[in-house]
Each structure stands twice: as C-alpha cells, then as structure tokens.
Amino acid sequence: AAGSAEVVKSCTNYAKVEFGVNTATHSLISLGGIVGTTKAGIDQCVNYGNVAAYAVTATVVCHNVYVGGVAGYATRNTDSPAALTISNSTNHGESLFTGHKDGGTIVHYWLTIGGILGCNKNGDCTYVEECTNNGLVGVSFNGSVKCRGSASGGIVGLLYAGESKIDGCINNGYVCNHNYNNSTK
C-alpha cells in the first residue's frame with residue numbers, strides 16, 4: 001500500500017473468526033478477518049468468514065472491543081512517519097457483536113464494528129482506500145445494556161480525526177446497532 005513500509009498483501013480468509021466474551025473483565029478484544037491488530041498496511045486482501053464477538057454468559061464486562069471484516073484495530077508503526085493504509089481489500093463476511101441468547105447485562109466501553117476496519121488508534125493517520133464491504137455489520141443485545149461509545153459503520157466503525165481519511169470505498173452491507181436499554185450510569 002502506498003505510504004506504508006510494511007504491508008500484509010494478497011491474503012484471503014475463508015474461516016470464521018470468533019471470540020466468546022465471558023464474565024471476566026476484558027480490556028482489549030480485537031478481531032479481524034485478516035488481522036486482529038495491525039501496525040502494517042493491508043493491500044489486496046479478501047475476507048469471506050464471519051467475524052464475531054459474542055457473550056458466552058448473561059453478564060459481560062468489556063472495554064475496547066474492535067471488530068472489523070478485514071482488521072479489528074490499526075495503529076501506525078511508530079518507526080514510520082507514513083500513514084497506515086488499508087487499500088483494495090474486500091469483506092464478504094458478517095462483522096458482529098451479540099449479547100447472550102437469554103438476555104442479561106452487557107457493560108461495554110468503546111465498542112466499534114466496521115465492515116473493513118473496527119477502529120484506528122487515536123492520533124494515528126490511517127487511510128482506507130478503494131475497499132468494499134458486502135457483509136452485515138451489526139451490534140445486537142436483548143438485555144439491559146450499560147455502554148459508552150458504541151459505533152458501527154459499513155467501512156469503519158470509528159476513524160479518529162486528523163489526517164485520516166476514507167476514499168473510494170463502497171458499502172453494500174446492512175449496518176445496524178441495536179443496543180437496548182442503554183445507560184451510561
């Protein structure tokens with residue numbers, strides 16, 4: 001990818017990627033069809049598998065949950081002044097975070113779900129260029145929820161400001177964020 005020193009290139013994933021969140025407090029969950037967390041650029045990669053975090057138990061506490069069809073979380077390599085670039089990549093699978101089947105309580109902070117990228121690091125310059133998402137992007141809970149900072153996007157769940165940009169991307173997937181009974185208390 002232009003501007004990146006290291007690149008994950010021409011990779012394909014067909015398998016599902018899952019993480020079952022239990023009652024323990026999790027401080028970072030990062031899931032992606034190609035990479036969970038990356039400091040390298042991504043170019044010409046394709047994901048067909050579903051990428052999902054889900055509640056295993058009725059009570060879940062988690063902070064910083066990043067789910068993306070291609071990459072969950074991107075942080076620029078501090079040795080490189082160039083932007084981290086995700087380009088020419090496609091996601092066909094679902095990107096999801098779902099609650100427990102019996103309801104319960106979900107407590108989360110900074111839950112971000114994107115068809116291509118879940119989230120980039122605050123202060124980092126990230127470019128997402130010429131990417132396509134064809135999969136469902138969603139958050140769904142059927143219990144009481146206490147949350148702060150929930151974002152879903154067809155291309156990127158949360159892209160921090162600054163020099164970051166999304167250019168030439170297409171979302172064909174359905175995007176939903178069903179957080180029921182939200183409270184920030």
Side-chain angles (χ1 to χ4, degrees), residues 8-22 26 28-38 42-58 60-74 86-120 126 128-143 145 147 149-159 166 168-182:
V8 176
K9 188 169 182 170
S10 301
C11 295
T12 303
N13 175 52
Y14 292 98
K16 63 184 172 183
V17 178
E18 295 182 335
F19 184 86
V21 184
N22 58 28
H26 296 279
L28 175 62
I29 299 168
S30 181
L31 299 171
I34 301 299
V35 295
T37 298
T38 186
I42 298 172
D43 188 41
Q44 300 175 20
C45 292
V46 180
N47 175 54
Y48 291 97
N50 292 341
V51 182
Y54 60 92
V56 174
T57 58
V60 170
V61 178
C62 51
H63 305 280
N64 304 315
V65 179
Y66 310 121
V67 178
V70 174
Y73 183 68
I86 300 173
S87 58
N88 305 304
S89 295
T90 303
N91 175 54
H92 296 284
E94 297 177 346
S95 301
L96 303 168
F97 186 66
T98 58
H100 192 264
K101 63 181 175 57
D102 297 327
T105 301
I106 305 287
V107 178
H108 70 78
Y109 301 97
W110 296 115
L111 167 62
T112 64
I113 312 280
I116 300 298
L117 173 64
C119 181
N120 72 321
T126 305
V128 182
E129 302 173 333
E130 305 298 329
C131 292
T132 302
N133 174 55
N134 295 314
L136 168 81
V137 177
V139 176
S140 181
F141 305 121
N142 61 355
V145 179
C147 66
S150 178
S152 299
I155 302 300
V156 179
L158 176 62
L159 187 64
I166 299 173
C169 295
I170 298 170
N171 175 52
N172 295 313
Y174 177 72
V175 179
C176 63
N177 195 330
H178 301 288
N179 277 331
Y180 302 108
N181 301 319
N182 283 337

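Heavy atoms only: backbone and side chains are in, while hydrogens, waters and symmetry mates are out.
With a 4.5 Å cut-off on side-chain heavy atoms, N172 and T132 count as touching. In this structure the side chain of V21 never reaches within 4.5 angstrom of the side chain of V56, judged on heavy atoms. With a 4.5 Å cut-off on side-chain heavy atoms, N50 and L96 do not count as touching. Looking at heavy atoms from C-beta onward, C45 lies in side-chain contact with V8 at the 4.5 angstrom threshold. Side-chain contact between L117 and I155 is absent, with no heavy-atom pair separated by less than 4.5 Å. Residues C176 and V139 fail the side-chain proximity criterion, which asks for heavy atoms closer than 4.5 Å.
Counting only N and O atoms by type, the side chains of S30 and T37 include a donor and acceptor under 3.5 Å apart. A side-chain donor-acceptor contact under 3.5 Å links N177 and S150. Side-chain N/O atoms of S87 and D43 include a donor and acceptor closer than 3.5 Å.
Judged purely by atom type and a 3.5 angstrom limit, S95 has no side-chain atom pairing as donor or acceptor with the backbone of V137. Side chain of N47 to backbone of V70: no donor-acceptor contact under 3.5 angstrom is found.
Across all their heavy atoms, S89 and I116 have their closest contact at O-CD1, 4.1 Å. Residues H92 and V46 approach most closely at CD2-CG1, 3.8 Å, considering heavy atoms. Of all non-hydrogen atoms in A151 and G157, the two that sit nearest each other are CB-O, 3.3 Å. Closest approach of G69 and V51 over heavy atoms only: O-CG2, 4.2 Å. What you find for C62 and I29 is that their closest heavy atoms are CB-CD1, 4.3 Å.
A ring-ring contact (aromatic ring centres under 6.0 Å, His included) with Y66 is found for one member of W110, Y73, F97 and no other, namely Y73. Of the residues I170, T90, V156, I86, the one that meets the side chain to side chain contact (heavy atoms under 4.5 Å, CB included) test with C131 is I86.
Atom CG in L31 sits 13.5 Å away from atom NZ in K16 (nearest 0.5 Å). The CD1 atom of I113 sits 11.5 Å away from atom CG of L158, with the distance rounded to the nearest 0.5 Å. With rounding to the nearest 0.5 Å, the separation of NE2 in H63 from CG in L111 is 12.5 Å.
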side-chain contact (heavy atoms from CB on, under 4.5 Å) assessment of L159 paired with I166: CA-CA 9 Å; L159 187 64; I166 299 173; 3.5 Å; yes
side-chain contact (heavy atoms from CB on, under 4.5 Å) assessment of V65 paired with T112: CA-CA 6 Å; V65 179; T112 64; over 6 Å; no
